[in-house]
Amino acid sequence: MMIVVMKADAGVKQTGAVITKVQQLGFEPHLSQGEKKTIIGMIGNGAKFDPQTFLAMPGVENVVPIQQPFKLASREFKKASTVVSLNGTRIGGNKIVIMAGPCAVESRDQLFKAAEVVAEAGASVLRGGAFKPRTSPYSFQGLGEEGLKILREAGDRTGLAVVTEVMSPMDVDLVAAYADILQVGARNMQNYSLLEAVGKITKPVLLKRGLMSTVEELLMAAEYILSNGNPNVILCERGIRSFEKYTRNTLDIAAVPVIKNLSHLPIIVDPSHATGHRYLVAPASLSAIAAGADGLIIEVHPKPEEALSDGAQSLHPEEFAELMSDLCRIAQAVDRVI
Ligand code: PEP
Ligand code: MN
């Protein structure tokens, strides 16, 4: 893919003329308006062209190829880090965003209690699955739309935004009607029809790294969402499969700076699914923030012993509150705030 870089003082007319030219050549233009410069990406299989076509146009500074296989997700395309905004909460800025709540919405009581404790401790987003991707078809599958309703109500009551998983393209509109952020789970990272469907909405998407996926595959999955028109993608490292058995997955901490280097998209870490054990959630969380993560998504349950899923990795309310205060100190050390 080629990108056309406009001069800092290029006007709207000049940018418009470049966009028209891009379309005439049979490409789809993707505009990225930086603080200083405007960049136009040329997506798709258009006609062969001489870069001089653009270099000769007024306001054009340069025409450069993007080397990476992911284009719109790359830092080559967009130098400034993307900040995903949702009514008041900004993900990818200086402030670290904490998402917390139970693995699944189990009941009104359970979720309202969870929402209260995570809000009190300083989280800004409430998590809770209504559609659960379970290994066994006999395990609790989630409450479906009823769960979404409870989640929305609990979020509104406590002033928290809400994130929840969508498993099927057919459910995207339903989930988007209740949630502030739609989660694409690890198992669905390469479900291309789902990626296309969440690419066609504008609500933020939390895209989790697949169990066996490379960073490049994660960024290519993000590219599906971006190229379908949704710029609001948040990436999530949640551990990958390895031979190690003392942890549920192997948390790839280095993926955080690797992704920061390759992409402008925000990246958060899920220390709960990455480790699988309550005692490992705090150290994994602290190291994620030290490594430069923009946020965390942590499982917290009012009574983890009674959880219908992932109880062993869910924090008790008081453990979560204690972790939040420890996180503040790490955040300070890396010039961030919580
Ligand atoms: C979850 O966050 O509820 C979940 C199922 O995570 P993952 O897709 O990372 O396994
Ligand atoms: Mn879970």
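Basis for what follows: all heavy atoms, side chains included, without hydrogens, waters or symmetry-related copies. Computed from a predicted model, the values in this text were never measured in an experiment. In listed order, ligands and their atoms are each counted from 1. Numbering starts at 1 and runs along the sequence shown.
Protein heavy atom closest to atom 6 (O) of ligand 1, with residue, atom name and distance, is Lys208 NZ, 2.9 Å. Ranking the protein heavy atoms by distance from atom 4 (C) of ligand 1 puts His273 NE2, 3.5 Å first. The shortest contact between atom 8 (O) of ligand 1 and any protein heavy atom is with Ala186 N, 2.8 Å. When hydrogens are left out, the protein atom nearest atom 9 (O) of ligand 1 is Arg238 NE, 2.6 Å; that is the closest non-hydrogen contact.
Residues Val184 and Leu72 fall within the same hydrophobic cluster, defined by Ile, Leu, Val, Met, Phe, Trp and Tyr side chains chained together at heavy-atom separations under 4.5 Å.
The shortest N/O to N/O separation between Arg187 and ligand 1 falls below 3.5 Å.
Only protein N, O or S atoms were scored, and 4 of them lie under 2.8 Å from the Mn ion (ligand 2).
The pair Glu153-Arg108 meets the salt-bridge criterion, since a charged nitrogen lies less than 4.0 angstrom from a carboxylate oxygen. Lys37 and Asp9 are not joined by a salt bridge, as no carboxylate oxygen comes within less than 4.0 angstrom of a charged side-chain nitrogen. A salt bridge links Asp180 with Arg152: the closest approach of a Lys/Arg side-chain nitrogen to an acidic carboxylate oxygen falls below 4.0 angstrom.
Taking the side chain as every heavy atom from C-beta outward, Met42 and Phe54 approach each other to under 4.5 Å.
Close contacts between ligand 1 and Gly185 involve ligand atoms 8 (O) [criterion: under 4.0 Å to a heavy atom]. Against a heavy-atom cut-off of under 4.0 Å, Lys132 is close to the following atoms of ligand 1: 3 (O).
Under the salt bridge (Lys or Arg N to Asp or Glu O under 4.0 Å) criterion, Lys71 pairs with no residue at all, not counting sequence neighbours.
With side-chain heavy atoms closer than 4.5 Å counting as contact, directly or through intermediates, Ile240 stands alone and belongs to no larger hydrophobic cluster.
Evaluated by nearest non-hydrogen atom to atom 3 (O) of ligand 1, the leading choice among Glu165, Gln183, Arg127 is Arg127.
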Name every donor-acceptor pair, under 3.5 Å, that has one atom in a side chain of residues 277-292 and the other anywhere in the protein, sequence neighbours excluded.
from, atom 1, to, atom 2, distance (Å)
His277, NE2, Tyr246, O, 3.3
Arg278, NE, Ser314, O, 2.6
Arg278, NH2, Gly311, O, 2.8
Ser285, OG, Val281, O, 2.7
Ser287, OG, Pro283, O, 2.9
Ser287, OG, Ala284, O, 3.0

